[in-house]
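Working notes for the structure below.
So that the names make sense, note that chain A is the first sequence line, chain B the second, and so on, each numbered from 1.
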Amino acid sequence: MTEVTSFRNNPLIDPHLEIWEWQIPGYLFLGGLVAGLMILNGVWRLFYSDKEGRSITRNGAVAAPVLLSLGMFLLFLDLSYKIHVFRFYTTFNPASPMSWGSWILLLVYPVQILTLALPGGIERFGWRFSFLNPLWDKIKIYAERYNVAVSTSNIVLGIGLGIYTGILLAVNAARPLWNVSLLGPLFLVSGLSAASAWNLLARPNDAEKKLLVRWDIGLLGIELIFLMLIIIELSTGPIGKQAAAGLFLGGNYTASFWVFIVGLGILLPLWLEIREAIGRYVPHWLGPLLVLGGGLALRIVFVYAGQISSMPEITLFR
Amino acid sequence: MARYAMVIDTKRCVGCHACVITCYMENNVPEGFTRDWIVEVVEGEFPDLRSEIRTERCNHCENPPCVFVCPCGASYKDKDTGIVLVHHDKCSGCKACIAACPYDARFINPIGYADKCTFCDHRVKLGKTTACAQTCPTSAINFGNLDDPASKLHKLMNGRIVKTMKPEAGTGPNIFYLL
């Protein structure tokens, strides 16, 4: 029997961390979604240039900067010293994923504007913003000249942004649940899957719909494999990681993990989309909506459960 | 660079909380928060019980994860003393350092910045010891420079079993506990 009594009772720290609440999962979800939208846009433009796009090249591209701004606003809401938000941009710390992320976010906006100026994006602005059209025409010429570079930047920055949302948590060795090598790739794949789902809801044309459903089936399968590999890594790791795995295998987060992430977020939409791919009727909105909900649930569960997991004190007297 | 460290004798510590109170007064710690605290551990089965009382705080690690993850450059290791500190005017309150600390030694000050033990760096610069070490009635807390061969810390650790907290974290803590 070991009984540890700590007289520390700092708010947000004890009895376990509660430093990151709903804003951070929301930010990580939106960041991943935007990363996915950028990658899909770049891939479509580079490898499917013979096909006409609508959802991926226009609707998704218009949504991306709006969703990203919303995500950054959530991040701002989380800061406890909001007046110092500018401090992210007065330095660059190469060892800090959050520093990388904040600078990547800054690079993403100009690329997204150039992406919107590519053919299939925004042609002209309506009368309310018609004063922007002369400038927009110049941006369009520039974007079209560097079409391949803009599309490639979408993929590269999208991968960076998507992986960053997972690495942000994974670098914390102090929190065994987060400290797994596959968390970055998992969040990237989940972001891509969420982006496919978003595009499926954003009035895709037939060519897009066919490909998006196939991609999403593959992405959901990979996500499931990654999740299972993470469970294996945790349950076969040192005692802290085993305790972290226990959170999903009988502990506090078992129901939310298996029901909302695995069941409703992956398996059910996977089944629905496979039915759709083989030509059976399913409500076209149901699968994508479940995928988006599952992506959000993934971030919520990992952010909250990770704050409960900590490195145990293994040796007390020797 | 000096390497300031603390050697805490768990056989001397009686858990009187004098170090906690003096830290409040010396560093103007906000009400409801604490930069150092007492931990009591009881292990074994009755009647074969063993207990340990110790005082904990920021470990001022050699390899501080809080400094590595800070996106604003607010957390830093002082070049002259090796003490891990926070520039209050650079901190954005993102809490990345709190998530990174295996010892949960940091907290968010009500003003908004990350706060923690400073090893009383304002006193160290004047050649004094920390407030907690000076106050400790049983001399359980000892502060000094490990790079100084004549430091009493070496003498205290000589012949004793010494442990650091969570060595598996690889942070290289600079607080040593004598068992």
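- To the nearest 0.5 Å, atom CZ of residue A:Phe86 and atom NZ of residue B:Lys90 are 11.0 Å apart.
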A:Ile13 vs B:Ile98, test: side-chain contact (heavy atoms from CB on, under 4.5 Å). Steps then yes/no. CA-CA 8 Å; A:Ile13 309 297; B:Ile98 296 179; 3.5 Å; yes
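- Remark: A:Phe92 CZ is packed, more than 12 non-hydrogen atoms of other residues, nucleotides or ligands lying under 6.0 Å away.
- Both the backbone and the side chain of B:Ile111 come within contact range of chain A, judged by heavy atoms closer than 4.5 Å.
- Interface remark: B:His87 contributes no atoms to any contact with chain A (heavy atom separation under 4.5 Å).
- Put simply, CG on A:Asp78 and SG on B:Cys94 are 8.0 Å apart, with the number rounded to the nearest 0.5 Å.
- Of the listed residues (B:Gly32, B:Gly73, B:Ala74, B:Ala114), the greatest number of heavy-atom pairs within a distance under 4.5 Å of chain A belongs to B:Gly32.
- Side chains of A:Pro11 and B:Phe107 form no contact here, defined as non-hydrogen atoms less than 4.5 Å apart.
- Only the side chain of B:Glu45 comes within less than 4.5 Å of a heavy atom of chain A; its backbone N, CA, C and O stay farther away.
- To the nearest 0.5 Å, atom OH of residue A:Tyr81 and atom OH of residue B:Tyr113 are 7.5 Å apart.
- By the 4.5 Å heavy-atom criterion applied to side chains, A:Ser96 and B:Pro71 are counted as neighbours.
- By the neighbour-count criterion of 12 heavy atoms within 6.0 Å, atom CH2 of B:Trp37 is densely surrounded, having more than that number from other residues, nucleotides or ligands.
- The two atoms that bring B:Gly112 and A:Ser80 nearest to each other are O-OG, 2.7 Å, heavy atoms only.
- Proximity to chain B is limited to the backbone of A:Asn9, based on heavy atoms less than 4.5 angstrom apart.
- Listed in order of number, the residues of residues 118-139 of chain B that approach chain A to under 4.5 Å between heavy atoms amount to none.
- Within residues 20-35 of chain A, the residues having any heavy atom closer than 4.5 Å to a heavy atom of chain B are A:Trp20, listed by residue number.
- Interface remark: B:Lys166 contributes side-chain atoms only to the contact with chain A (heavy atom separation under 4.5 Å).
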Stepwise, does the side-chain contact (heavy atoms from CB on, under 4.5 Å) test hold for B:Glu43 with A:Met1? CA-CA 6 Å; B:Glu43 193 181 65; A:Met1 189 269 308; over 6 Å; no
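- Contacts between B:Ile38 and chain A at a heavy-atom distance below 4.5 Å involve backbone atoms as well as side-chain atoms.
- Within a 6.0 Å sphere centred on CZ of A:Phe260, other residues, nucleotides and ligands contribute 12 heavy atoms or fewer.
- We find the NE2-CG distance between A:His84 and B:Asp89 to be 6.5 Å, quoted to the nearest 0.5 Å.
- Note that the CG atom of A:Asn10 and the NZ atom of B:Lys116 stand 13.0 Å from one another [nearest 0.5 Å].
- B:Asp104 places no side-chain N or O within donor-acceptor distance of the main-chain N or O of A:Asp14, the cut-off being under 3.5 Å.
- For chain A, no part of B:Tyr177 is nearby; none of its heavy atoms comes within less than 4.5 Å.
- We find that A:Arg8 and B:Asp36 are not joined by a salt bridge, their nearest charged nitrogen and carboxylate oxygen being 4.0 Å or further apart.
- Only the side chain of A:Trp178 comes within less than 4.5 Å of a heavy atom of chain B; its backbone N, CA, C and O stay farther away.
- The contact between A:Ser6 and chain B is made by backbone and side chain atoms together, counting heavy-atom distances below 4.5 Å.
- Using a 4.5 Å cut-off between heavy atoms, A:Ile19 touches chain B through backbone and side chain atoms alike.
- A:Arg175 and B:Cys101 get closest at one heavy-atom pair: NH2-O, 2.9 Å.
- The environment of A:Lys82 atom NZ is dense: over 12 non-hydrogen atoms of other residues, nucleotides or ligands sit within 6.0 angstrom.
- Heavy-atom distances place the backbone of B:Val67, and not its side chain, under 4.5 Å from chain A.
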